[in-house]
**Student:** 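First the structure, then my questions, so here it is.
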Amino acid sequence: MPVLKDKELRIVGFLCNWCSYGGADTAGVARATQPTDLRIIRVPCTGRVDPLFVLKALFGGADGVLVSGCHPRDCHYSVGNYYARRRLEVIKRFLPILGIDDRRFEYTWVSASEGQRWQEVVTDFTARIHKLGQAPRLADASPMLKIAELALSSLHALGSNLSAPLDELKAAIKAKLPDLECVIGWQKGYDGAHAVPLFMKTPEDVDKLIWGPLNVMNPAVYLPDFKGRKIGIVVKGCDSRSVVELLQEKLINREDVTIFSLPCEGTLDMGRVNEKLGRYTKIDKVNFDEASVYITADGKEHRFCITEYAQGKCYGCVTPGAVLTDVVFGKPVPVSPGKFTPPELAMLDSMSLEERMGFWKAQMDRCIRCYACRNACPMCVCRDYCISDSRNPHWLDQEATPENKLFFQTIHAVHLAGRCTGCGECQRACPVGIPILALRQHIARTVSELFDEYKSGMNQNAVPPLLTYATEEKNIHERDL
Ligand code: FES
């Protein structure tokens, strides 16, 4: 029987079979009066609630989503709700960056005997959603294109890495080459202004290796393909975090991988470089000095100062040296202490929920759904089993709507929760320059706040926080409904 006078709203409830569903049943048997807005989906355990269920419901038009399960320590499967608690808290904190009010989602615990508590929970949550009203729809948001202010200060000196001991590195690779199937690095690309991957199998290949601000790509993306084979990789500091994360998740074996590294002084944001170069037919030459790269295209020289044209991630980089390496040359680059908020994330932080939704609407209108972001990501390892391509279950359809495109980005971001090392390959690979890294950075910041400043890819023996649980959580507190 409806107890709220207004029109019904769409509220989806995911209830664990063993406790909350029983609690709802107990309330029903006791004829406890409840609002009728909630549509219940029974799940075996809250551990079965993929955070994407919550997002799918909200993107699909739900005005509110409630997850309810057994109290901590009472889970029928012992620990399902401990895992769920971590994931659901992360997703709750993620919603505002998409422009969704986090009060529209709640999770709680109700046991089978707590009919009265269930009545209170459902009444209070429904009243909350009625107070908030119908959820704003992405399709109705006013598109707002905004570009973040560039950061021009960084946590370590940026430069063109001219003095890096590349010859020593090449000699070391040549010495190890007989024991390895190949060593992955970078070589001059289709013109001198762009680098492409290099798979070194012979000493002549090693001579093609380059090092410097043009080495933007993260070679760790190729490592899982070589699992079980002896392989070498040349890394920048940020790339090394991806290697460590792959080791943490046992996607590669430590004994198979030889890591070569040099300290990195930053890499160029090729999107902005290409924009400044404009249309050209030929790169005539590329020169470097300590602070800049000079590219001459069609007879015209352009200067790119690294402090001005570095990739966004380089300004906040605290790992210019590899966090794990077997062979290293060169002096470490000193890093100043301090916190750094990436420019796009800072811009989103300063916006209202409505503005954020408008921002993503405008950005998703530009997305061509090429999946370059997914394919360039070293931690996106499902390959042929990516759920965005799956028709069973059917998570996404082929319509090029902003909802579909943003939902794909949230799938990617949520799958990287506690795993993304911030290498920025998703954003770099995007042909239309959508700042999608900000979604991953937001989740990484949340994970760090919740789980003792955890940073992915820093310790090969650490377990990513969302792949484990704690019976008592220091920073996750139960909310009363
Ligand atoms: Fe109820 Fe796990 S069985 S939360």
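Every number for a ligand or one of its atoms is a count from 1 in the order of the listing.
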**Student:** Please report which non-hydrogen protein atom sits nearest to atom 4 (S) of ligand 1, along with the residue it belongs to and the distance in Å to one decimal place.
**Tutor:** Thr46 OG1, 3.2 Å
**Student:** What orientation do His442 and Phe94 show, parallel under 30°, tilted 30 to 60°, or perpendicular over 60°?
**Tutor:** tilted
**Student:** So, Cys19 and atom 2 (Fe) of ligand 1: N/O/S under 2.8 Å, yes or no?
**Tutor:**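 Here the distance criterion (N, O or S atom, under 2.8 Å) is not met by Cys19, so no.
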**Student:** Give the atom numbers and elements of ligand 1 that come within less than 4.0 Å of a heavy atom of Trp18.
**Tutor:** 3 (S)
**Student:** Is there an N/O/S atom in Cys70 that lies less than 2.8 Å from atom 1 (Fe) of ligand 1?
**Tutor:**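 A backbone or side-chain N, O or S atom of Cys70 is under 2.8 Å from atom 1 (Fe) of ligand 1.
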**Student:** Would you call the rings of Phe340 and Tyr315 parallel, tilted or perpendicular if under 30° counts as parallel and over 60° as perpendicular?
**Tutor:** parallel
**Student:** Can you list the steps and then say if Glu89 with Tyr107 is a side chain to side chain contact (heavy atoms under 4.5 Å, CB included)?
**Tutor:** CA-CA 8 Å; Glu89 184 65 27; Tyr107 65 96; 2.4 Å; yes
**Student:** Could you please spell out the steps behind the side chain to side chain contact (heavy atoms under 4.5 Å, CB included) verdict for Phe408 and Arg369?
**Tutor:** CA-CA 9 Å; Phe408 169 72; Arg369 217 169 156 178; 5.6 Å; no
**Student:** Tell me, please: is Gly80 in heavy-atom contact with ligand 1, that is, under 4.0 Å?
**Tutor:**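 No; Gly80 lies far enough from ligand 1 that no heavy-atom distance drops under 4.0 Å.
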**Student:** Any salt bridge between Glu106 and Arg128, counting N to O under 4.0 Å?
**Tutor:**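 Yes.
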**Student:** Hey, is there an N, O or S on Cys75 sitting under 2.8 Å from atom 1 (Fe) of ligand 1?
**Tutor:** no
**Student:** Could you tell me, atom by atom, which parts of ligand 1 come under 4.0 Å of a heavy atom of Cys16?
**Tutor:** 1 (Fe), 3 (S), 4 (S)
**Student:** Would you check if Gln248 and Asn461 make a side-chain contact, meaning some heavy-atom pair closer than 4.5 Å?
**Tutor:** no
**Student:** Hey, does Pro44 sit under 4.0 Å from ligand 1 if you only count heavy atoms?
**Tutor:**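 Distance cut 4.0 Å: Pro44 passes for ligand 1.
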